[in-house]
Novice: 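Here you go, one structure.
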Amino acid sequence: MSAYGTTRQPGGGATPKDKTTDYHTALFRRLAWEGTVPVEIRVDPKELPANSDRGLECYYIQAPRVSYLPLLLPEIRRFLMDVVFDEAAASSLKEEDWWFETEEGTITKWHWPLGLIYDNHAISLTVRSSAPPSTAMAPPLRLILHLASPPTEKLMLSPSQEACKQAFMGQLKEADFIRWGSTKRVTGLRKLEQDGIWEGIREHNFDDYWRVASKVTPSASQPVPPPLAGASGHVRPPSTDAPSTFDRDGAYSVRCIPVRVYLPDGPILQEFVPPLLEDGTPNTLYHFLSTHLPLLFPPRPPAPPPSRAKPNPQPPAVPNLAFVMIQGVVSPPEAEMAWLGVCMAGADGWLSICVGINRT
Amino acid sequence: MLTRSQFAAASRALVAKHESNPPFSTLLRDWEWIDAFPYGYLARSKRYIRNSLSQSSADSSQLGDDPGLQEEEDSATAHTTSEAEWVISQQFVVFSATFQVPALYFTAHKANGTTLSLDEIMNTKLFKFEIPIGSDANGFALTLPDVPFPLLSQGDHPTLGTPCWYLHPCETSNAVDELFREVMEADWDEETRLVRWLETWFMTVGGVLDL
């Protein structure tokens, strides 16, 4: 397991619990990094130049979730030139006029990571009556590639890798600002390191990426639990196997977690997400969502007090109207926002929460 | 820094104030508050003229002595400046959830609907800023030297999701707060304070873009 998957811990020796935390952090970060989505790219048949080899104009790729469409263009171009287009067509290819849309007519954005494009498409299907029942296998994202007339009303950013890199760095700095109130962790990186983090994405190299990202991403150390009041009213000291040093750079020390919530075909929500609630307990996924989307995630009433008939009462069930998808995985409601923010975030530092509607 | 609800309150109050006081200030009168889900914003439409045309007529009059060439240039520029080209700009003041301050977003199109490039935008009367040496205008962003964020770059409108140019809000907050401290009066109520803060914001942004 690469050492770079975890954030360097300040201070002295790691306790066994720290090592376990490090292992899990690295594991989840690695899984998020290695996640891929199946994409099928088909040139719009009406735009295929004359003399193209029809029947072969479909390109399949298992693309990294953390990558971007502009980074795929070179290999798509190579394929089209080698297999589909004849020489005349190939010489007139103008990549800057290329653009993609989904089968449903949604124009795909150059500056969204592929994992987000995929998940956002998946949740949009949950509100369409024509959606097929879900199967165990992830269906490919079918994209139509257009070769001309990009719709500049809906898609301004150019497909160049430079524009994509700049958008990526902008997101990284915004995430930094949200966490700490300043961008100095990212802007404090040397130019070589800033370029290196993008190169890690371009080359899809986990170690290269995390070598730099570990300097700006919070560690996943556990929060110091709030002191517990015993029955006698005395305050007990925090548990002795929690880390004794307060981790200033830890996930639970940030002032806010960079999160965006994506609704099916809908707007994007960005709200203040503290790592800890006012009572000192960690902010959970369900608590966050029931605060801002109470109709989809009704607040859960507490369990009734125990009685002789029911010594271990459970809280009453609430209807499961919606589900949460993060990095393509349906996430449990008790997941802690701070942990999600450092282990399941995208490469640009943002935690993308996609909300889908349960169809039953 | 504002909260989102303070921004909404300030915007509504500003629209109301400038609507009902015609002689007050015409500059802020045509802003409208759009109460959209999930986040409301201010919007208006404005027209600008493109600089480059008037400039090219000045340049060509200094061309060489060839009378034939000059005449041709003159008649050509006379033709273009007489049908001044308008740029239509949709402008929005949105609340930046990241920086907790207002941010100016805008689009710019020619009358025939084509979007303007960054260079073309910088060449209209919308853009008042003197571009310092060492700045980088690369087609999709304008970055000043030694500043972490580009001054002007592309982003999606937070509510509409459509692509816009936006003025980076990062530094405006400090500039506005400083100016505001000069003008603020202790006896203002909350609403007056918010409206005046937003007016100061417009003034600050007005130094970069013609509002």
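Please read these numbers as outputs of a predicted model, since none were measured by experiment. In what follows, every chain begins at residue 1, and chains take the letters A, B, ... in the order their sequences are listed.
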Novice: For Q166(A), is it the side chain, the backbone, both or neither that has a heavy atom under 4.5 Å from a heavy atom of chain B?
Specialist: side chain

Novice: Can you tell me which portion of L269(A) sits under 4.5 Å from chain B's heavy atoms? Options are side chain, backbone, both or neither.
Specialist: both

Novice: Considering only heavy atoms and a distance below 4.5 Å, find which of T187(A), I178(A), V186(A) pairs most often with chain B.
Specialist: I178(A)

Novice: Where on Y39(B) is there a heavy atom nearer than 4.5 Å to chain A: the side chain, the backbone, both, or neither?
Specialist: side chain

Novice: So, are R196(B) and E185(B) salt-bridged, with charged N and O less than 4.0 Å apart?
Specialist: no

Novice: Answer yes when K94(A) and D97(A) have at least one side-chain N-carboxylate O distance shorter than 4.0 Å, and no when they do not.
Specialist: yes

Novice: Decide yes or no on salt bridge (charged side-chain N to carboxylate O under 4.0 Å, His left out) for R211(A) and E193(A), but give the supporting numbers first.
Specialist: CA-CA 9 Å; R211(A) 180 174 301 124; E193(A) 291 175 310; over 6 Å; no

Novice: Distance to the ring centre below 6.0 angstrom and angle to the axis at most 45 degrees; does that hold for R193(B) and W188(B)?
Specialist: no

Novice: Would you call D176(A) and K184(A) a salt bridge, taking side-chain N to carboxylate O under 4.0 Å as the test?
Specialist: no

Novice: Looking at S160(A), C256(A), P267(A), A167(A), which has the largest count of heavy-atom pairs under 4.5 Å with chain B?
Specialist: P267(A)

